[in-house]
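Keep in mind that what you see is a predicted model, and the values were worked out from it rather than measured. A, B, ... follow the sequence lines: proteins, then strands. Residue 1 opens every chain.
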There are 2 protein chains.
Amino acid sequence: MSKGKETRETILRAALDFASKLGFESLSIGELAKRVGMSKSGLFGHFNSKEKLQMMVIDYAADNFTEHVFIPAISKERGIPRILAIVETWHRWSSRYFTGGCPLVAAAFEYDDRPGAVRDHLTEHQKTMLNSFEKAAQIAVDEGQFDKDLDCNAFAFEFLSLMLGYHLYSRLLQDDDAKFRHLEAVDSLIERSKAKDYKETSHQ
Amino acid sequence: MSKGKETRETILRAALDFASKLGFESLSIGELAKRVGMSKSGLFGHFNSKEKLQMMVIDYAADNFTEHVFIPAISKERGIPRILAIVETWHRWSSRYFTGGCPLVAAAFEYDDRPGAVRDHLTEHQKTMLNSFEKAAQIAVDEGQFDKDLDCNAFAFEFLSLMLGYHLYSRLLQDDDAKFRHLEAVDSLIERSKAKDYKETSHQ
DNA sequence: TATTTTTCAGCACGGTCGTTCCTCTATTAT
DNA sequence: ATAATAGAGGAACGACCGTGCTGAAAAATA
């Protein structure tokens, strides 16, 4: 990896952690430069605009999500185990790498009404993510685990909603039971999505 | 109402709408002064610090929520009708008065990891709100509508989660079906919270 | 090793930020 | 009606913002 790419990675990493805490808009070039130990102009040279920096941070977050949340989960068996794995890898990723919890959740609410290129960019990522959840549910349907009449779109809506709830409970409210609550709710969601005959044959 | 209180109201109203769109931290004294047509220093004099302004905006939002969401819902019959009314009044309030959707949702995610007085202040409001949802569920239990073994805390978690999902779908994703999805999910939550005998006696 | 390209620091710019102080006017209370 | 008070504007502050320019050091290429 060339020197340029390396420092850019360092910057993006620091920027993402910062943004997970205080938001992407609060991210300032000067503050970020201080954190990674370089000059404002030196750092700026890598991105040529703040907006471009923000978008690259978002891209970096999305790539990171794919790498640490989605890919590991896909190695699990198709259907329910894979869906449960997503919850687990997502929890782990958010808490291990970021001081402020999942940066994609933070970004989503920060840009939900702020017009511009960053928002458009982010929206695409979110749609992709939701599509993945929907597909994961569809696979469970195909495998005969979920009811064949299940509305996978509705499943994705509830699945994401619960993650948002978890984020709020664990971050803002600092609720120690947040993870437990989340897992219970996900279990409930999965249980009521199950096909009748699968429910009968499945243990517990 | 004295002159001072009146202008303060005007300011808070404008500030809240602005914050629902672009966030409470992006709210600047100068920009706000421009919006309400007065001088920076004149506006500043009402609050004496930006932090105090932010907190007063949050208080204003919470009061507004109580007035437009909670109070109207309480006039409905105890139990399920009241819970459904909260969803409806919340939808109406968010979409009618704010360009950027529910400001309390926005604030929650903006301050979830930003230490300070504003965050502490907001946390209290959120806890009060969640407590109200929990109580509303408890009433449904007492009325024999919800199962007596229902975990009202878990109910509140899911209830709020779905609202967050709705916010994200309708604001960021601009999904026209967001409201429908939300209502369906709330119906599902209520349905599975019902007491067995109430389920049998209730129509549909 | 010599040359070209990339990377980064230093400095300066116009703007906006929150905030203070001072003045004047409009409102309120006596 | 008059005195006390509260409300609002004007100018200025130091700090920080994003952004360009220039030149030197470092890295990549030959």
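DNA chain C lies under 4.0 Å from at least one heavy atom of each of the following residues of residues 48-60 of chain B: B:S49, B:K50.
Atom-to-atom, CG of B:L27 to P of C:dC17 comes out at 10 Å; the value is rounded to the nearest Å. The nearest whole Å value for the distance from the CD atom in B:E6 to the P atom in D:dA8 is 10 Å. Put simply, CZ on B:F47 is 11 Å from P on D:dG7, counting in whole angstrom units. Residue A:E31 contributes atom CD, which lies 7 Å from atom P of D:dC17 at whole-angstrom precision. Rounded to an integer number of Å, the gap from CD1 of B:I29 to C1' of C:dT16 is 12 Å.
Counting only heavy atoms from C-beta on, B:M38 has its side chain closest to D:dA8 among D:dA11, D:dA8, C:dT7. For A:F44, the listed nucleotide lying nearest its side chain is D:dG18; candidates were D:dG18, C:dG18, C:dG10.
For residues 89-108 of chain A, the pairs satisfying salt bridge (Lys or Arg N to Asp or Glu O under 4.0 Å) are A:E88-A:R92, with sequence neighbours left out. Residue pairs meeting the salt bridge (Lys or Arg N to Asp or Glu O under 4.0 Å) criterion with at least one partner in residues 20-34 of chain A, sequence neighbours excluded, are A:E25-A:R114, A:E31-A:R35. Pairs passing the ring pair (Phe, Tyr, Trp, His ring centres under 6.0 Å) check and including a residue from residues 7-55 of chain A, sequence neighbours excluded, do not occur. Annotation: ring pair (Phe, Tyr, Trp, His ring centres under 6.0 Å) contacts involving residues 170-190 of chain B, sequence neighbours excluded, comprise B:H91-B:H182, B:Y166-B:H182. Screening residues 165-178 of chain A for salt bridge (Lys or Arg N to Asp or Glu O under 4.0 Å), with sequence neighbours left out, gives A:R171-B:D113.
Taking the C1' atoms of five terminal pairs at each end of the helix from C:dT1-D:dA30 to C:dT30-D:dA1, the two resulting helix axes are inclined by 30°, rounded to 10°.
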Exercise answer: donor-acceptor pairs, residues 131-141 of chain A side-chain atoms, under 3.5 Å, sequence neighbours excluded:
{"residue": "A:S132", "atom": "OG", "partner": "A:T128", "partner atom": "O", "Å": "3.0"}
{"residue": "A:Q138", "atom": "NE2", "partner": "A:D142", "partner atom": "OD1", "Å": "3.1"}

Name the atoms and distances for all side-chain donor-acceptor pairs under 3.5 Å in residues 69-82 of chain B, with sequence neighbours left out.
{"residue": "B:S75", "atom": "OG", "partner": "B:P72", "partner atom": "O", "Å": "2.6"}
{"residue": "B:R78", "atom": "NE", "partner": "B:E143", "partner atom": "OE2", "Å": "2.7"}
{"residue": "B:R78", "atom": "NH2", "partner": "B:E143", "partner atom": "OE2", "Å": "3.4"}
{"residue": "B:R82", "atom": "NE", "partner": "B:K76", "partner atom": "O", "Å": "3.2"}
{"residue": "B:R82", "atom": "NH2", "partner": "B:I74", "partner atom": "O", "Å": "3.4"}
{"residue": "B:R82", "atom": "NH2", "partner": "B:K76", "partner atom": "O", "Å": "3.2"}

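Residue A:H46 places none of its side-chain N or O atoms closer than 4.0 Å to OP1 or OP2 of C:dT7.
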ask   = ring-ring contact (aromatic ring centres under 6.0 Å, His included) between A:H121 and A:Y111: does it pass, once the steps are laid out?
value = CA-CA 10 Å; A:H121 211 64; A:Y111 287 102; over 10 Å; no

From CA spacing to verdict: side-chain contact (heavy atoms from CB on, under 4.5 Å), A:L168, B:D112 = CA-CA 7 Å; A:L168 196 136; B:D112 62 352; over 6 Å; no

Give me, pair by pair, the N or O atoms of the protein and of nucleotides 12-16 of chain D that are less than 3.5 Å apart, along with how far apart they are.
none

Find every protein N or O atom lying less than 3.5 Å from an N or O atom of nucleotides 28-30 of chain D, and list the pairs.
none

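One finds the OG atom of A:S2 at 7.0 Å from the CZ atom of A:R8 (value rounded to the nearest 0.5 Å).
The base of C:dG10 sits with one of its N or O atoms less than 3.5 Å from a complementary donor or acceptor on the side chain of A:S41.
Looking at heavy-atom distances under 4.0 Å, A:L32 makes no contact with the nucleic acid at all.
Below 30°, between 30° and 60°, or above 60°: for B:F157 and A:Y169 the angle between ring planes is above 60°, a perpendicular geometry.
For A:R181, the salt bridge (Lys or Arg N to Asp or Glu O under 4.0 Å) test picks out B:D151, with sequence neighbours left out.
When each of A:W93, A:Y97, A:F98 is tested with A:F65 by the rule ring pair (Phe, Tyr, Trp, His ring centres under 6.0 Å), just one qualifies, namely A:W93.
B:I11 has its side chain out of reach of B:M56: every pair of non-hydrogen atoms, C-beta onward, lies at least 4.5 Å apart.
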